[in-house]
S.K.: 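Please read through the structure below; I'll follow up with questions.
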Amino acid sequence: FLVRYRALIFPFLIREGKPTPLFTFVLALLFCVYNGYLQGRSLSNYAKYPSGWLKDPRFITGFAGWLVGMAINIHSDHILRNLRKPGETGYKIPRGGMFEYVSGANFFGEILEWSGFALACCTIESLAFALCTLFILGSRARQHHQ
């Protein structure tokens, strides 16, 4: 669901935005393609789970974290998209949802989402992705907060 949301739905919901440089777009595309391949290959070919894995507390907690993170991420994106009225410019501080607790609620949601995914999968590849997400989005969140 999230891949479809990010790739097919979210871009059409954005009203206006800054143009993205081609180099940035290509790097993001390469990262997403490589990461998707790495996660899929890891889970389909190498990960081995015991028969009761779906009832294991690590899987349940990770899945719940992923689900809550995705909900926070989608709701935060909704708040950010609706900050300004059409034609309005200028900086606005988002209010509502997790923005009442953290200034980068969209980043927090995504970090929680992929940390939950890593816990549910328990693979080195999913942990690497969660850590990359934490470091990249964590630094962006800090910049936005300042």
Side-chain angles (χ1 to χ4, degrees), residues 1-84 91-146:
F1 172 78
L2 185 65
V3 172
R4 280 180 268 167
Y5 170 76
R6 277 286 182 212
L8 302 175
I9 298 170
F10 181 75
F12 293 106
L13 295 174
I14 299 173
R15 284 186 250 153
E16 297 175 19
K18 300 175 190 170
T20 302
L22 181 62
F23 183 69
T24 302
F25 169 77
V26 170
L27 284 179
L29 179 67
L30 289 173
F31 174 81
C32 289
V33 167
Y34 179 72
N35 184 57
Y37 171 79
L38 183 69
Q39 299 302 327
R41 178 107 175 155
S42 166
L43 291 171
S44 64
N45 290 356
Y46 303 110
K48 303 287 185 223
Y49 300 104
S51 61
W53 181 248
L54 298 180
K55 295 177 183 174
D56 188 285
R58 291 171 291 179
F59 178 81
I60 293 169
T61 304
F63 181 73
W66 174 81
L67 200 59
V68 169
M70 181 175 65
I72 291 169
N73 196 1
I74 291 171
H75 185 251
S76 299
D77 284 346
H78 172 76
I79 290 171
L80 289 172
R81 278 194 316 273
N82 294 294
L83 270 179
R84 294 178 199 83
Y91 182 78
K92 289 213 173 186
I93 296 174
R95 298 279 182 219
M98 283 300 293
F99 284 108
E100 297 300 318
Y101 305 99
V102 294
S103 56
N106 52 328
F107 300 127
F108 171 75
E110 195 152 342
I111 290 167
L112 177 60
E113 189 176 347
W114 298 119
S115 296
F117 175 77
L119 183 59
C121 295
C122 285
T123 64
I124 293 294
E125 294 82 3
S126 61
L127 176 62
F129 181 48
L131 290 174
C132 284
T133 301
L134 173 65
F135 294 133
I136 291 168
L137 294 185
S139 68
R140 288 184 65 197
R142 195 177 91 229
Q143 288 172 338
H144 282 244
H145 181 76
Q146 292 172 343

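In this chain, numbering begins with 1 at the start of the sequence shown.
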S.K.: Quick one, Phe59 with Lys55, criterion side-chain contact (heavy atoms from CB on, under 4.5 Å). Give me CA distance, side-chain angles, the key distance, then yes/no.
M.R.: CA-CA 7 Å; Phe59 178 81; Lys55 295 177 183 174; over 6 Å; no
S.K.: Identify, with sequence neighbours excluded, every residue that meets side chain to side chain donor-acceptor pair (under 3.5 Å) alongside Arg142.
M.R.: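 None.
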S.K.: If we only count heavy atoms from C-beta on, is the Phe107 to Ile136 side-chain gap below 4.5 Å?
M.R.: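 No, their side chains stay 4.5 Å or more apart.
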S.K.: For the pair Asn73 (side chain) and Gly69 (backbone), establish whether a donor and an acceptor sit closer than 3.5 Å, ignoring hydrogens and angles.
M.R.: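 Side chain of Asn73 to backbone of Gly69, a donor-acceptor pair under 3.5 Å: no, none is there.
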S.K.: Is any side-chain heavy atom of Leu134 closer than 4.5 Å to one of Ser115?
M.R.: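 No, side chains not in contact.
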S.K.: For the residue pair Phe99 and Asn106, establish whether any side-chain heavy-atom pair is separated by less than 4.5 Å.
M.R.: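 Yes, close enough: below the 4.5 Å cut-off.
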S.K.: Give, for atom CG of Leu22 and atom CG of Leu29, the distance between the pair rounded to the nearest 0.5 Å.
M.R.: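 One gets 10.0 Å once the value is rounded to the nearest 0.5 Å.
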S.K.: Could you give the distance from NZ (Lys92) to CG (Leu80), rounded to the nearest 0.5 Å?
M.R.: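 Lys92 atom NZ to Leu80 atom CG measures 13.0 Å (nearest 0.5 Å).
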S.K.: Assess whether atom CD1 of Ile124 is packed by more than 12 heavy atoms of other residues, nucleotides or ligands within 6.0 Å.
M.R.: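 12 or below, so no.
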S.K.: I need the Ile79 CD1 to Ile74 CD1 distance, nearest 0.5 Å.
M.R.: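 Result: 12.5 Å between the selected atoms.
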S.K.: So, for Gly97 and His75, which heavy atoms are closest and what is the spacing to 0.1 Å?
M.R.: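 The answer is CA-CE1, 3.8 Å.
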S.K.: In the structure I gave you, are the side-chain heavy atoms of Phe108 and Ser103 within less than 4.5 Å of one another anywhere?
M.R.: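 No, too far: nothing below the 4.5 Å cut-off.
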S.K.: Please name all residues satisfying salt bridge (charged side-chain N to carboxylate O under 4.0 Å, His left out) with Lys48, sequence neighbours left out, ordered by chain then number.
M.R.: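 Per chain and number, Lys48 pairs via salt bridge (charged side-chain N to carboxylate O under 4.0 Å, His left out) with no residue.
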S.K.: Could you tell me the separation between the SG atom of Cys121 and the CH2 atom of Trp53, rounded to the nearest 0.5 Å?
M.R.: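 These two atoms lie 8.5 Å from each other.
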S.K.: Which of these passes side chain to side chain contact (heavy atoms under 4.5 Å, CB included) with Leu27: Phe31, Phe25, Phe23?
M.R.: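 Checked Phe31, Phe25, Phe23 against Leu27; only one passes side chain to side chain contact (heavy atoms under 4.5 Å, CB included): Phe23.
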S.K.: What distance separates Asp77 CG from Ile72 CD1, expressed to the nearest 0.5 Å?
M.R.: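 The distance works out to 12.0 Å.
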S.K.: My understanding is that only residues two or more places apart in sequence, or in another chain, count here; which of them pass salt bridge (charged side-chain N to carboxylate O under 4.0 Å, His left out) with Arg58?
M.R.: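 For Arg58 the salt bridge (charged side-chain N to carboxylate O under 4.0 Å, His left out) partners, ignoring immediate neighbours, are Asp56.
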S.K.: Report the residues that fulfil side chain to side chain donor-acceptor pair (under 3.5 Å) with Arg140, sequence neighbours left out, ordered by chain and then residue number.
M.R.: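 Arg140: no side chain to side chain donor-acceptor pair (under 3.5 Å) contacts found.
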S.K.: Can you pull out every side chain to side chain donor-acceptor pair (under 3.5 Å) where at least one residue sits in residues 29-40? Sequence neighbours excluded, please.
M.R.: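 As it turns out, the side chain to side chain donor-acceptor pair (under 3.5 Å) pairs with a partner in residues 29-40, which skip direct neighbours, are Asn35-Gln39.
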S.K.: Could you note down all residue pairs passing side chain to side chain donor-acceptor pair (under 3.5 Å) where residues 124-139 supplies at least one of them, sequence neighbours left out?
M.R.: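 Every pair satisfying side chain to side chain donor-acceptor pair (under 3.5 Å) with a residue in residues 124-139: Ser42-Glu125, Thr123-Ser126.
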S.K.: Does the side chain of Trp66 reach to within under 4.5 Å of the side chain of Trp114, using non-hydrogen atoms?
M.R.: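 Yes, close enough: below the 4.5 Å cut-off.
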